Asks: 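Please see the structure below; I have some questions.
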Amino acid sequence: MRVWLRRQVYRALTSPARREARRKRAEAKRQRRGEPHRVHYFHRPGDPACALMAPLAAALCDRFDIELTVHLTGLPAADVNPDPERLPECARRDTAALATHFGLPFTDPGKSPSAALENQAAAIIASALGRGDALQAAIDTCNTLWRGDEAAMADAAARFGEVSPEAAVKAAEQGSALRDELGHFQSATLYYGGEWYWTADRLHYLEDRLVGLGAARDSVALPPLAPPLLESQLAGNSGGAVLEIYPSLRSPYTYLAMERAFALADRWQAKVEIRFVLPMVMRSLPVPRRKGQYFLLDAKREAERLGLPFGNICDPLGRPTERGLAVLHYAMEQNKGRAFLTSFLRGVWAEGIDAGSDRGLRQLVERAGLDWPAAKAALAGDDWRKVAEANRQRLLELGLWGVPSFHTGDLSVWGQDRLWRVEQALGSQGEATTS
């Protein structure tokens, strides 16, 4: 009964009808109050993703009839930032790749900006909050900050003003509190009418929504930013490249990635190495409610964009994941790891199959072409635990910690929405072997 109830909760949370009803309520409330389309932007100077989101927010204001309010935030809380040492470098690399794709100015300087310059940027933005130039202050200080240009930062202070360090900290605390209250945990985020849009490659969802509400200015046609997608028509020889894939059975984003990652490897004739790891929450890494709920809702809209079923969920936390990993370890020995991994993920994230029961797990096993009695016998072993830990250590060595992650050649990248970078890397390796 408890499994059935949880499935119903997940179906309700991810229901498109529920999302549409929430949007209609927000729009009715806005119209009733005679308010503008108000978008909230949460900015942290030291977050490289803000170096892209701030100018994109300005472009959004030009293209749509909206009122944008800037909020300063501080560092993400410890419970939503499980690896603060690796995050800055990972974020810089990712931002630089997105900037190149979107044609935006950002170059990874190879290090985080100085604390003194970052604090001054926050003080300048805090001075501009509540005025019409707060977003421009955020843009200008971001550009200056990542160049490490102290003279330009002093010029910005002269133009926008500068509050005391204490006042800047208070402003960031207030912004962070509002963001947390509204249900998010990071900067470089936009909030509109009950929904969140985090980083540059989610902005198109907000643009589509505003277009549907008739908020686009007359000169606006289609949204200018298309999310990077795999070029399914491209194929080639990657020159014997190896693609390491780091999945978690409890990650909805892993589900969204796996079949596409395998197809990508096949198109480029790359060898796949599955390096499964335990879910973050089963590795004593926190996943608070607001973080988990955002990921769930974001995974749903990503699934819709990708044409994948999602939302009939039977959460495999705990015993179901352990059973699944034991079978996955056995399946890999039988050269059926790919088949079982995709069967399991589709089962728990889209079909509501209870992998914690023998009946459910057997269904997942047999449709992967595995023998159920042999797979059931594998549940008694625990060699998979050593493999999972070795994979985790390898992942950390690559500078990553989350899932799904991918490594090939010189590229180590995190996220189902970064498979386009994997595709580029496989193509580059193929070019290198033929040049």
Side-chain angles (χ1 to χ4, degrees), residues 12-43 49-50 52-71 98 101-104 128-139 175 178-179 181-184 186-229 293-294 296-308 310-311 417:
L13 282 173
T14 59
S15 166
R18 181 175 182 267
R19 178 179 59 209
E20 186 59 28
R22 182 176 62 245
R23 289 181 172 184
K24 287 182 177 179
R25 287 195 302 270
E27 177 60 10
K29 181 179 179 181
R30 184 194 71 82
Q31 292 185 13
R32 186 170 62 252
R33 294 182 174 182
E35 295 177 341
H37 296 281
R38 184 169 291 117
V39 178
H40 296 269
Y41 169 52
F42 294 86
H43 182 90
C50 287
L52 301 190
M53 188 59 92
L56 289 174
L60 195 73
C61 293
D62 291 337
R63 300 177 60 249
F64 293 92
D65 185 16
I66 63 173
E67 180 181 292
L68 188 136
T69 302
V70 177
H71 304 277
L98 277 177
H101 175 83
F102 288 128
L104 295 172
L129 293 178
R131 303 198 314 246
D133 57 355
L135 183 56
Q136 191 60 53
I139 295 170
L178 176 61
R179 177 202 60 201
E181 179 185 343
L182 293 174
H184 212 275
Q186 273 286 7
S187 47
T189 46
L190 295 170
Y191 177 82
Y192 174 73
E195 291 181 31
W196 287 95
Y197 309 89
W198 182 19
T199 72
D201 52 357
R202 294 299 191 271
L203 187 59
H204 67 100
Y205 288 119
L206 175 56
E207 293 182 323
D208 288 344
R209 186 177 173 189
L210 291 171
V211 168
L213 290 171
R217 299 190 190 278
D218 293 341
S219 59
V220 175
L222 296 176
L225 296 180
L229 289 171
Q293 183 163 313
Y294 170 78
L296 192 66
L297 297 179
D298 181 60
K300 175 61 176 180
R301 64 188 178 189
E302 284 286 274
E304 291 174 344
R305 178 173 69 90
L306 296 168
L308 295 172
F310 181 85
D417 43 13

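This one's a predicted model, so the numbers in the text were calculated from it and none came from an experiment.
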Asks: Counting C-beta onward and ignoring hydrogens, is there a side-chain heavy-atom pair between Arg19 and Lys24 closer than 4.5 Å?
Replies: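 No. Closest side-chain heavy atoms not under 4.5 Å.
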Asks: His71: what forms a side-chain hydrogen bond (donor to acceptor under 3.5 Å, both in side chains) with it, not counting sequence neighbours?
Replies: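 Applying side-chain hydrogen bond (donor to acceptor under 3.5 Å, both in side chains) to His71 gives His40.
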Asks: Measuring from atom CZ of Arg22 to atom CG of Leu297, what distance do you get when rounded to the nearest 0.5 angstrom?
Replies: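 Between atom CZ of Arg22 and atom CG of Leu297 there are 6.5 Å.
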Asks: Do Leu104 and Leu56 touch side chain to side chain, with heavy atoms closer than 4.5 Å?
Replies: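 Answer yes - side chains close enough.
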Asks: Evaluate side chain to side chain contact (heavy atoms under 4.5 Å, CB included) for Arg179 paired with His184, printing each intermediate quantity in order.
Replies: CA-CA 6 Å; Arg179 177 202 60 201; His184 212 275; 4.0 Å; yes
Asks: Just to verify, what does Phe310 make a ring-ring contact (aromatic ring centres under 6.0 Å, His included) with, not counting sequence neighbours?
Replies: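 ring-ring contact (aromatic ring centres under 6.0 Å, His included) list for Phe310, sorted by chain: empty.
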Asks: Say whether Tyr197 and Glu195, considering side chains only, have a donor N or O and an acceptor N or O under 3.5 Å apart.
Replies: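 A donor-acceptor contact under 3.5 Å links the two side chains.
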Asks: Less than 4.5 Å apart, any side-chain heavy atom of Val39 and any of Phe64?
Replies: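 With C-beta onward as the side chain, the pair stays apart.
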Asks: Apply side chain to side chain contact (heavy atoms under 4.5 Å, CB included) to the pair Arg131 and Gln136, showing each step before the final yes or no.
Replies: CA-CA 10 Å; Arg131 303 198 314 246; Gln136 191 60 53; over 6 Å; no
Asks: Does the salt bridge (charged side-chain N to carboxylate O under 4.0 Å, His left out) test come out yes or no for Asp417 and Arg202, once each step is laid out?
Replies: CA-CA 10 Å; Asp417 43 13; Arg202 294 299 191 271; 2.9 Å; yes
Asks: Rounded to the nearest 0.5 Å, what's the gap from CD1 on Ile66 to CG on Leu190? Could you check?
Replies: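 Nearest 0.5 Å value for the CD1-CG distance: 8.0 Å.
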Asks: For residues Glu304 and Pro16, report the shortest heavy-atom separation together with the two atoms involved.
Replies: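 Heavy atoms of Glu304 and Pro16 come nearest at OE2-CG, 3.5 Å.
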Asks: When rounded to the nearest 0.5 angstrom, what is the spacing between CZ in Arg217 and CG in Leu210?
Replies: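 Spacing of CZ (Arg217) from CG (Leu210) equals 11.0 Å.
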Asks: Is the closest side-chain donor-acceptor distance between Tyr192 and His37 under 3.5 Å?
Replies: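 Yes, because at least one side-chain N or O of Tyr192 sits under 3.5 Å from a partner of the opposite role on His37.
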Asks: Take Trp196 and Leu182 through the side chain to side chain contact (heavy atoms under 4.5 Å, CB included) test and state the conclusion after the steps.
Replies: CA-CA 9 Å; Trp196 287 95; Leu182 293 174; 3.5 Å; yes
Asks: Nearest heavy-atom pair of Gly193 and Arg209: which atoms, and what distance?
Replies: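 Scanning both residues completely, I find the closest heavy atoms to be O-NH2, 3.0 Å.
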Asks: Show your reasoning for whether side chain to side chain contact (heavy atoms under 4.5 Å, CB included) applies to Ser187 and His43.
Replies: CA-CA 5 Å; Ser187 47; His43 182 90; 6.0 Å; no
Asks: Got a sec, which residues hit side-chain hydrogen bond (donor to acceptor under 3.5 Å, both in side chains) with Tyr294, two or more places apart in sequence or on another chain?
Replies: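 Arg301.
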Asks: Could you check, using the six-membered ring where one of them is a Trp, whether Tyr205 and Trp198 have ring centers closer than 6.0 angstrom?
Replies: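 No, ring centres 6.0 Å or more apart.
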Asks: What's the shortest heavy-atom distance between Glu207 and Leu60, and which atoms?
Replies: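 Between these two residues, the closest heavy atoms are CG-CD1, 3.7 Å.
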Asks: Not counting sequence neighbours, which residues clear salt bridge (Lys or Arg N to Asp or Glu O under 4.0 Å) with Arg25? List them please.
Replies: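 Not a single residue meets the salt bridge (Lys or Arg N to Asp or Glu O under 4.0 Å) criterion with Arg25.
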Asks: Going from CG on Leu68 to OH on Tyr41, what distance comes out if it is rounded to the nearest 0.5 angstrom?
Replies: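 Spacing of CG (Leu68) from OH (Tyr41) equals 9.0 Å.
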Asks: Quick one: list whatever passes side-chain hydrogen bond (donor to acceptor under 3.5 Å, both in side chains) with Arg38, sequence neighbours left out.
Replies: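 Listed in chain order: Glu67.
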Asks: Residues in side-chain hydrogen bond (donor to acceptor under 3.5 Å, both in side chains) with Glu27, at least two apart?
Replies: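 Scan of Glu27 (side-chain hydrogen bond (donor to acceptor under 3.5 Å, both in side chains), adjacent residues dropped) gives Arg30, Gln31.
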Asks: What are the two closest non-hydrogen atoms of Ala188 and Ala49, and how far apart are they?
Replies: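 Answer, listing the atom of Ala188 first, then Ala49: CB-CB, 3.6 Å.
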Asks: Atom CG of Leu213 and atom CZ of Arg23: how far apart are they, to the nearest 0.5 Å?
Replies: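 Rounded to the nearest 0.5 Å, the CG-CZ separation comes to 8.0 Å.
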Asks: Rounded to the nearest 0.5 Å, what separation is found between the CG atom of Leu135 and the SG atom of Cys61?
Replies: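 Those atoms lie 6.0 Å apart.
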